[in-house]
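Taking it in order: structure first as C-alpha cells, then the write-up.
Fair warning: this is a prediction, and the values are worked out from it, not measured in the lab. Heavy-atom basis, side chains included; hydrogens, waters and symmetry copies ignored.
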Amino acid sequence: MLNQKDLFDKPETIHEGLRKRGVSKGELERLTKLATQRRSAISDLDNLRHELNQASQLMQEKARAGEQDAVEAGRQELKSLKTSIKEKDEALNKTEAQLNQMLLELPNIPHASVPEGQDESQNREERLVGELPSFSFKPKPHWEIGEELGILNFEQAAKISGARFVVYRGAGAKLERALINFMLDTAAENGYHEIIPPLLVRAHAMEGSGQYPKFVGESFETLDREYALIPTSEVPLVNLHRDEIIEADNLPIRYTAFTPCFRREAGAAGKDTRGLIRQHQFNKVELVAFTQPENAEAELERLTGNAESILQKLGLPYRVVSLCTGDLGFAAAKTYDLEVWMSGQDTYREISSCSLCGDFQARRAKIRFRRHPEGGKKAKPELIHTLNGSALAVGRTLIAVLENGQQEDGSVVLPEALVPYFGAKTIAPA
RNA sequence: GGAGCGGUGACCGAGUGGUUGAAGGUGCACGCCUGGAAAGCGUGUGUGCGGCAACGUACCGAGGGUUCGAAUCCCUCUCGCUCCGCCA
C-alpha cells in the first residue's frame, strides 16, 4: 500500500511511478481528489469536536455549580452540534473507505533502477551463469523423461484432481524430497530461520502481503470462505510479525519455509498445459527477510545470491533478469527473476522470483521497527522493509535436473550435491 | 458442536460514566552511585491523523447505540483462552 502523505509530499514520484505501472490519469485524479477531500474533512471535524469538547467541560462545571437551567439549555444546543458532527463523520468515513479501497488496489512504486517496459520482452538480462549442456541426441522434455522412468504420472493425477496436477512416484517422490531438504539446508547455512507455517490463512493475512483484495479470484478458498490456501509461503511468513514493533537490534530477520503452494492459475488457460511447469499445487522453498530501509537493497542482492547459490551447487545454468515495470508483481518495487535452462524445452524458464517490496507490505500488515535510542531520545517506530524470493520452486528444479541430466539410454545423472540427499547418483529406467 | 471467560500502551497489568491518554510494574534511554558492572536511586518514555509550528483531534479488539460527556452502560460482530464432546 502507498503512503497517503506521499501524494502530497512528493506527488511527481507517485504519479510517475504509478503511470509506469499502467495506472490511468483518471484514476490518479480520483485518488488525489479523495485524499484532498479527506484532509479537509478531518480538519473541519477536528474543529467541531474541539468545540464540543470545550462545551462539555463547561457543562460539567455548570452541573457542579448546580446551575440546572444553564445545563438544560446547553443540552439542546449541543445536541444539534453533535448531529452535525455525526453527519460529517459519516461523510468522512465514506471518503476514507473509497480511498482505502483504491490504495489497497494500487501496485507498488517501481524502484528507480527498474527498466521501464510493457511486458517481459523488455526485461533486462543482468547475467548469464553456467554452461549450457550439450547432447549427442535430441533431449526430451521432462514429461516424457518422467513418464518413461515411471516417476511422474499426469494421468493418475488427472483421475483424482483433473488438469494441472501431478503424481510423483518412487524415485520422483524421493527426488522432490531430496531437493526440498537440500534447499532448506542451504537456506539454514545462509542464516535463514526455518519455519513450518499454516497453509490455510485468513483474509487479513492475504491482504497484508498484497494478494487481497485485488487477486481474490486467483486463490483457492474453503467453502465457507473462512480460509484461503496459501499461494506462496510468503503470505504466512510476512504476516508472522503483523502488528508488531520490532527492536532494530533484532534486524535483519530472515526466514525460510518449505510449503506446498496453491494457485488457480486463472487466466493461464492453454498456457503450459504439458508437464509440471504450471500446476495448481506445487512445492516451494521460500526466503523472506525483514530489514531496515537503508539495508533493503543490499538484502535483495544477498537474497538473490542465496537463491542463485542453489542453482550453482546443482550445476544448473541460469540467467538473472531484472523485471521491467510492466512485468513487476503487484507488491514488488524491484524483482530479479532467476531463469533456469531447460534442455528438453530448449529455453530458460522462471524458477525463482526475488523481490524487494519496500514498505508496501509493512504498511498493510503494520510491521514496524524501532531504531536504537540516541541521545536519550526514544526513536519513533518506522515501517520495516520486506523482501522475498523462491529458493527455489522445487518442481521446476526437478524438471531442470531431469532435462539437463538426461542420458541417451533414458536414465538421468543427478548433480553431485544431491547425491547425499537422494542416496544414488542416477535414476535408471525400471 | 456445547458451556464459560476474556481482548487496555513495546510488554505485563489497574481502571468508580466527567480533571484518564489512561495508575502501577517490566523493558528501554539519560543521570547519580561504582575502579568497572550489577543492584539501588532519580528523571524521561504511546500511536495515528491534521498543522511549518504552537497546538488540535482520534484511538483502551471492530462497528453501532444511550448520554451534553463512554475504556467505563447496552447491542452486534470478530479474535483469543479454558472446560466438555469429537478427532490425527
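One atom, NZ of A:Lys380, and another, P of B:U45, lie 13 Å apart when rounded to the nearest Å. B:U57 atom C1' lies 13 Å from atom CD of A:Glu96, rounded to whole Å. Atom CD1 in A:Ile85 sits about 11 Å away from atom P in B:U57, given to the nearest Å. The distance between atom CG of A:Leu52 and atom C1' of B:A58, rounded to the nearest whole Å, is 13 Å. Residue A:Asn3 contributes atom CG, which lies 9 Å from atom P of B:G50 at whole-angstrom precision. Following rounding to the nearest Å, A:Gln37 (CD) and B:C49 (P) show an atom-to-atom distance of 19 Å. The separation between A:Leu45 atom CG and B:G56 atom C1' is 13 Å, rounded to whole Å. Atom CG of A:Leu81 and atom C1' of B:C68 are 10 Å apart (whole Å).
Partners of A:Asp9 according to the side chain to side chain donor-acceptor pair (under 3.5 Å) rule, which considers only residues two or more places apart in sequence or in another chain, do not exist here.
Atom C1' of B:A37 sits at a distance of 23 Å from the matching atom of B:G44, rounded to the whole Å. Comparing B:G15 with B:C28, their P atoms are spaced 27 Å from each other, to the whole Å. Only the C1' atoms considered, B:A38 is 15 Å distant from B:C32, to the nearest whole Å. Rounded to a whole angstrom, the distance from the C1' atom of B:U19 to that of B:A70 is 16 Å. Straight-line distance between the C1' atoms of B:A3 and B:A88: roughly 25 Å, to the nearest whole Å. B:C68 and B:C55 have their P atoms separated by 32 Å, given to the nearest Å. Comparing B:G80 with B:A29, their C1' atoms sit 34 Å apart, to the nearest whole Å. Going from the P atom of B:C81 to that of B:G63 covers 23 Å, rounded to whole Å.
In this model, no donor atom of one side chain and acceptor atom of the other lie less than 3.5 Å apart for A:Asn388 and A:Ser355.
Taking 4.0 angstrom as the limit, A:His50 places a side-chain polar atom (N or O) nearer than this to OP1 or OP2 of B:U57. The phosphate of B:A58 (OP1 or OP2) has a side-chain N or O of A:Asn53 nearer than 4.0 angstrom.
Contact annotation for A:Arg368: backbone-only contact, meaning every heavy-atom pair under 4.0 Å involves sugar-phosphate atoms and none involves a base. When heavy atoms are screened at a 4.0 angstrom cut-off, A:Lys5 is found touching the sugar-phosphate backbone but no base atom.
Counting only residues at least two apart or in different chains, side chain to side chain donor-acceptor pair (under 3.5 Å) contacts with residues 92-107 of chain A comprise A:Arg38-A:Glu96. Among pairs with a residue in residues 419-430 of chain A, those fulfilling side chain to side chain donor-acceptor pair (under 3.5 Å) read A:Asp185-A:Tyr421, at least two apart in sequence or across chains. Residue pairs meeting the side chain to side chain donor-acceptor pair (under 3.5 Å) criterion with at least one partner in residues 107-118 of chain A, sequence neighbours excluded, are A:Arg19-A:Glu116, A:His111-A:Ser113, A:His111-A:Glu297, A:Ser113-A:Lys334.
Here the nucleotide nearest the side chain of A:Lys82, chosen from B:C49, B:G69, B:C68, is B:G69. Side-chain atoms of A:Arg49 lie closest to B:A58 of the nucleotides B:G48, B:G56, B:A58. Side-chain atoms of A:Ser56 lie closest to B:C68 of the nucleotides B:U57, B:G50, B:C68. For A:Asp46, whose side chain is taken as the heavy atoms from C-beta onward, the closest listed nucleotide among B:G50, B:G48, B:G56 is B:G56.
Looking at A:Arg124 and A:Glu126, a side-chain N of the basic residue comes within less than 4.0 Å of a carboxylate O on the acidic one, giving a salt bridge. Between A:Glu244 and A:Arg368 no salt bridge is recorded (no basic side-chain N to carboxylate O distance below 4.0 Å).
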Open item on the list: Give the dot-bracket line for RNA chain B from 5' end to 3' end: parentheses for intra-strand Watson-Crick or G-U pairs under 3.5 Å, square brackets for crossings, | for inter-strand pairing, dots for unpaired.
Closed with: ((((((((.[[[..)..(.....]]]((((((.......))))))(((((....))))).[[[[[..)....]]]]])))))))....

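RNA chain B is contacted by both A:Asp243 and A:Asn47; A:Asp243 maps to the nucleotide lying nearer its 5′ end (nearest heavy atom per residue). Sequence order on RNA chain B of the closest nucleotides to A:Glu90 and A:Arg202 puts A:Glu90 first from the 5' end.
Between A:Asp359 and A:Pro293, every side-chain heavy-atom pair lies at or beyond the 4.5 Å cut-off.
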For residues 152-175 of chain A, please give each side-chain donor-acceptor pair under 3.5 Å, one per line with the distance, not counting sequence neighbours.
| unit_1 | atom_1 | unit_2 | atom_2 | d |
| --- | --- | --- | --- | --- |
| A:Asn153 | OD1 | A:Glu155 | N | 3.1 |
| A:Asn153 | OD1 | A:Gln156 | N | 2.8 |
| A:Asn153 | ND2 | A:Gln156 | OE1 | 3.4 |
| A:Gln156 | OE1 | A:Arg169 | NH1 | 2.9 |
| A:Arg164 | NH1 | A:Lys271 | O | 3.4 |
| A:Arg164 | NH1 | A:Asp272 | O | 3.4 |
| A:Arg164 | NH1 | A:Arg278 | O | 3.1 |
| A:Arg164 | NH2 | A:Ala268 | O | 2.9 |
| A:Arg164 | NH2 | A:Lys271 | O | 3.2 |
| A:Tyr168 | OH | A:Glu176 | OE1 | 3.0 |
| A:Tyr168 | OH | A:Glu176 | OE2 | 3.3 |
| A:Lys174 | NZ | A:Phe422 | O | 3.2 |

